[in-house]
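Remember, predicted model here, so these are calculated numbers, not experimental data. Within every chain, numbering begins at 1; the chains are lettered A, B, ... in the order of the sequence lines, protein sequences first and strands thereafter.
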Amino acid sequence: MPSMPISPSLENGKRKSSSAFQVPEPKRLKYGEASRRSELLEQRRSLPIASASKKLVEEVQKNDTLIVIGETGSGKTTRYCKFGSMVGITQPRRVAAITVATRVAEEMGVQLSKEVGYSIRFEDATSSQTKLKFMTDGMLLREALLDPLLQKYSVIILDEAHERTIHTDVLFGLLKGVQARRREVSKVGTDPEAGDQNKQDKTVAKASEHQTQIQSQMEANSRNGNSKIKQLKPLKVIIMSATLDAQGFSEYFNGAKAVYVQGRQYPVQIMNTYTAEADYLDAALITTLQVHQEELPGDILVFLTGQEEIENMERLLTERIAFLPEGSRKILVAPIYAALPSEQQMRVFEPAPSGYRKVILATNIAETSLTIPGIRYVIDPGLVKAKAYNPRIGVESLAVVPISKAQAAQRSGRAGREGPGKCFRLYTVEAFNQLQDATVPEIKRCNLASVMLQLKALGIDDVLGFDFMDKPSRAAIVKSLEHLYTLGALTDEGKLSDPLGVQMARFPLEPLYAKAMLVSSSFKCSEEMLTTVAMLSAESIFFTPREKFKEANAARQRFSSPEGDHITLINVLRAYTQEVEGGQSLDSEAHHKKFEKKLRGWCSTNFINGRSLRRALDIRRQVRGYVEGMGLELVSCGDDFTHFRRCLTASFFLNSAHKQADGKYRALSSGQTVAIHPSSVLFGKKPDCVIFNELVRTNQQYIRSLTRIDSLWLAELAPQYYSTRDVEDAARPTTQQEDFHSH
DNA sequence: GAGCACTGC
């Protein structure tokens, strides 16, 4: 089918300026509709089946594992209720778990948290009556630590499986193992010898890595006179995915059957440019104005890569709006990205006033995390800022990369939620065809320390042999195991150490932070470390909008510590407790809730992100619970931060950096040249030696969240890692080189 | 002298 330009192009390069004003160039972009065939390919995901609901129930009865492709998260899940004890449904995000649970409870006419409930971090809305439990995928993983056979569940549904979050991917392998184990247990009862006869079955052999846990659980059960484990029914697993790739799932789940369900999506007309656009920001700007002037009413959603780009675009668009012809509809610009305080985020959900068209400038947050009503047009430059991980040097980087075909489909789908829509792709059909089919799963893109610690805690010792659907590289796994070993979480045999490793795995924290928490009690500063790990886990405590850059920096001065960012964060929390909660932080949810309104005001005057601070308070409360549960005492170092800085050194000794003769910094463990990130309070202060928490690569390698230390502490507090000579040498490799040349 | 997409326990 021939492409059809949506508007005539300007020919001969002749453009006239028709008014006395310097009107911006009325450059136009030509678009063609993508061929019918490729459009069909994208929408084929909605293969209809007759009376889907009834059929689905039949299929679940017949199959232990089922793959459902198409519309997800629907009330149909309620039908699975009758299959037994409890049905668990996982979602990748907290909000989704809450909203779906709420909707299903309404549909069933029951009170939320009774028969239908949800369970997410910091919030458990379930009861003993709960039969249908919605939860985040990470929450189910946590439950597996306490109950390796997931005995409470008869069915587990993994919703939005196509998103392939790191937790969903771990659950895939875990559930496969649990299924095999439960089959075996129901076959052979509690006789371990009978179990050995099945060793030839490969799946069962893999699953028998759970043996230790399961046996101790069996023993515990029989001690309690509980023979429930004998009667365990097979676990049914349902994978719900919105992508076409049923085959990949099916192959992984031993040839499980896939069924297709009709979607509820309206058609979206896909338009592509004829030529590649060098400046996608400019192209997005032009297209936005073009759509505004030529298309029917309906809001526009523009996908951009980050805060800075959104702020730039907002400025450019506002400038151009002034030149819109008299009498035309007006434009309301609404930015949204994750770091934007919620009060400002809410603006995108308000309908545009009459006579206005809303233009939403969004990051990936609008791709899946939130659904904005009223969108009819999507403008997609085809790029995303994505995290990548280099296991060799252990550095994460954030770079702008092309999206995948699946992401492109997800983005265009945002235009067809309420009616037919249009999607303008700022790239050619050829460029589209060259995109990767699907985004690389998260598990292949990040640091695996947490995941490996969890697997070890689940009794899975052979992590290199774990049955991943997409296996991370051997190098990435080995690197994370080395890291865990260095932290003391693993023994020489590679088993979880007791008590250190066991305690670390229990904390809902990065392994490094969990270790720091445990180390801090011997340095008499566990209160401060508790605050630090909570604030570091929460991220972006400070909010710095570009147009109020100076004010924001000035506001930060008040909390700033000459020793570095960790103490600065402690100062923020102490100031909050003093000024908002009247000096008494009771660390209880109800207590914090009382100060909700005051918190908001305090945060906005101090340029602090309220959502992040609240999150830090939540994490602190939760971690405090674990610390106390382990019988560890929480002590404060007061204003004597030397203990605390020494504790940071003992905990984060792997991340130290030294100033070189040329003023640049060198990371001791990897030998890389790094620079202090501009967001640090030590930026420009040139400390001799620091420890840091993050190493990120953007334009250069930056270290973030740092504290000034005495370099001699390294050899003293981490002798297993540094000798005094190492530390002395580290400060002058460049000088040595210069000396060599000069002689 | 300059920057952090998005989730989750």
Side-chain angles (χ1 to χ4, degrees), chain A residues 90-97 119-124 135-146 160 163-171 303-311 336-340 362-370 383-388 396-401 403 407 439 442-443 445-446 450-451 453-454 457 504-511 513-514 533 537-546 549 552-553 609 612 615 618-619 622-623 625-626 663-664 675-680 682-686 694-700 702-705:
Chain A
T90 71
Q91 298 286 337
R93 280 168 296 277
R94 295 159 50 91
V95 236
S119 171
I120 57 176
R121 188 181 188 181
F122 311 127
E123 217 181 322
D124 183 11
M135 59 189 134
T136 44
D137 47 13
M139 203 66 195
L140 184 59
L141 263 184
R142 281 275 146 185
E143 281 190 16
L145 284 177
L146 303 171
E160 314 281 2
E163 288 193 26
R164 303 291 304 275
T165 69
I166 197 162
H167 293 146
T168 301
D169 267 27
V170 174
L171 282 172
F303 281 101
L304 298 169
T305 63
Q307 174 179 348
E308 196 180 0
E309 203 169 273
I310 287 174
E311 284 171 345
I336 186 160
Y337 45 89
L340 194 73
T363 59
N364 248 13
I365 196 171
E367 201 176 282
T368 47
S369 305
L370 47 90
L383 296 166
V384 67
K385 207 177 267 188
K387 187 156 78 182
E396 288 181 341
S397 60
L398 213 49
V400 175
V401 293
I403 58 172
Q407 272 182 294
T439 315
E442 189 187 6
I443 198 152
R445 286 186 286 127
C446 58
S450 282
V451 166
L453 184 62
Q454 293 235 335
M504 280 171 66
R506 208 171 291 163
F507 279 115
L509 294 171
E510 267 179 45
Y513 294 169
V533 298
S537 302
E539 285 178 358
S540 57
I541 293 292
F542 297 103
F543 175 63
T544 321
R546 175 157 262 203
F549 184 78
N553 271 351
N609 186 328
S612 299
R615 199 178 140 76
D618 280 335
I619 296 173
Q622 191 189 30
V623 174
Y626 280 98
K664 287 183 181 149
I676 294 179
H677 196 278
S679 66
S680 170
L682 294 183
F683 181 72
K685 299 276 194 288
K686 300 278 175 192
E694 279 178 288
L695 181 52
V696 286
R697 191 169 63 84
T698 50
N699 290 333
Q700 47 176 326
Y702 284 106
I703 49 176
R704 285 203 306 220
S705 302

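With A/T544 contributing its side chain and A/A552 its backbone, the two residues share no donor-acceptor pair below 3.5 Å. Checked by atom type and distance alone, the side chain of A/R142 never pairs as donor or acceptor with a backbone atom of A/D137 at under 3.5 Å.
The two residues A/S679 and A/R704 have their closest heavy-atom pair at OG-CD, 4.0 Å.
Proximity note for A/P508 (side chain, C-beta onward) versus B/dC9, B/dG3, B/dT7: the nearest is B/dC9. Counting only heavy atoms from C-beta on, A/H677 has its side chain closest to B/dC4 among B/dT7, B/dC4, B/dC9.
Distances shown here put every side-chain N or O of A/T544 at or beyond 4.0 Å from the OP1 or OP2 atom of B/dG3. Between A/R94 and B/dC9 there is a side-chain N or O to OP1 or OP2 distance below 4.0 Å. Of the side-chain N and O atoms in A/T136, one or more sit less than 4.0 angstrom from OP1 or OP2 of B/dC9. For B/dG3, the OP1/OP2 oxygens have a side-chain nitrogen or oxygen of A/Y702 closer than 4.0 Å.
Atom CD of A/Q91 and atom C1' of B/dG8 are 13 Å apart (whole Å). Whole-Å rounding puts the A/F122 CZ to B/dC9 C1' distance at 8 Å. Distance, A/Q407 CD to B/dA5 P: 15 Å, rounded to whole Å. Atom P of nucleotide B/dG1 and atom CD of A/Q700 are separated by 12 Å, given to the nearest angstrom. Spacing between atom OH of A/Y337 and atom C1' of B/dA5 amounts to 13 Å, rounded to whole angstrom units. One can place CG of A/L146 at 12 Å from C1' of B/dC9, the figure rounded to the nearest angstrom. Spacing between atom CD of A/E160 and atom C1' of B/dG8 amounts to 15 Å, rounded to whole angstrom units. If you measure from atom CD1 of A/I443 to atom C1' of B/dG8, you get 13 Å, rounded to the nearest angstrom.
Within 4.0 Å of A/R93, counting heavy atoms only, lie sugar-phosphate atoms of the nucleic acid but no base atom. Within 4.0 Å (heavy atoms only), A/A386 reaches no atom of the nucleic acid at all. Within the nucleic acid shown, A/T363 comes within 4.0 Å of sugar-phosphate atoms alone, with no base atom in reach, counting heavy atoms only. Across all strands shown, A/I619 has no heavy atoms under 4.0 Å from either base or sugar-phosphate atoms. Heavy atoms of A/Q307 sit under 4.0 angstrom from primed sugar atoms or phosphate atoms, though from no base atom. At a threshold of 4.0 angstrom between heavy atoms, the contacts of A/F683 include nucleobase atoms, whether or not backbone atoms are also involved.
The 5' end of DNA chain B is approached more closely, in terms of each residue's nearest nucleotide, by A/S540 than by the other of A/M139 and A/S540. Place A/K387 and A/S119 on DNA chain B by their nearest nucleotides, and A/K387 ends up nearer the 5' end.
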key: Full working for side chain to side chain contact (heavy atoms under 4.5 Å, CB included) between A/V384 and A/Q407   = CA-CA 10 Å; A/V384 67; A/Q407 272 182 294; 4.2 Å; yes

task = Please step through side-chain hydrogen bond (donor to acceptor under 3.5 Å, both in side chains) for the pair A/T165 and A/H167, ending with a clear verdict.
result = CA-CA 5 Å; A/T165 69; A/H167 293 146; 5.2 Å; no

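Using a 4.0 Å cut-off between a side-chain N of Lys or Arg and a carboxylate O of Asp or Glu, A/E163 and A/R93 qualify as a salt bridge.
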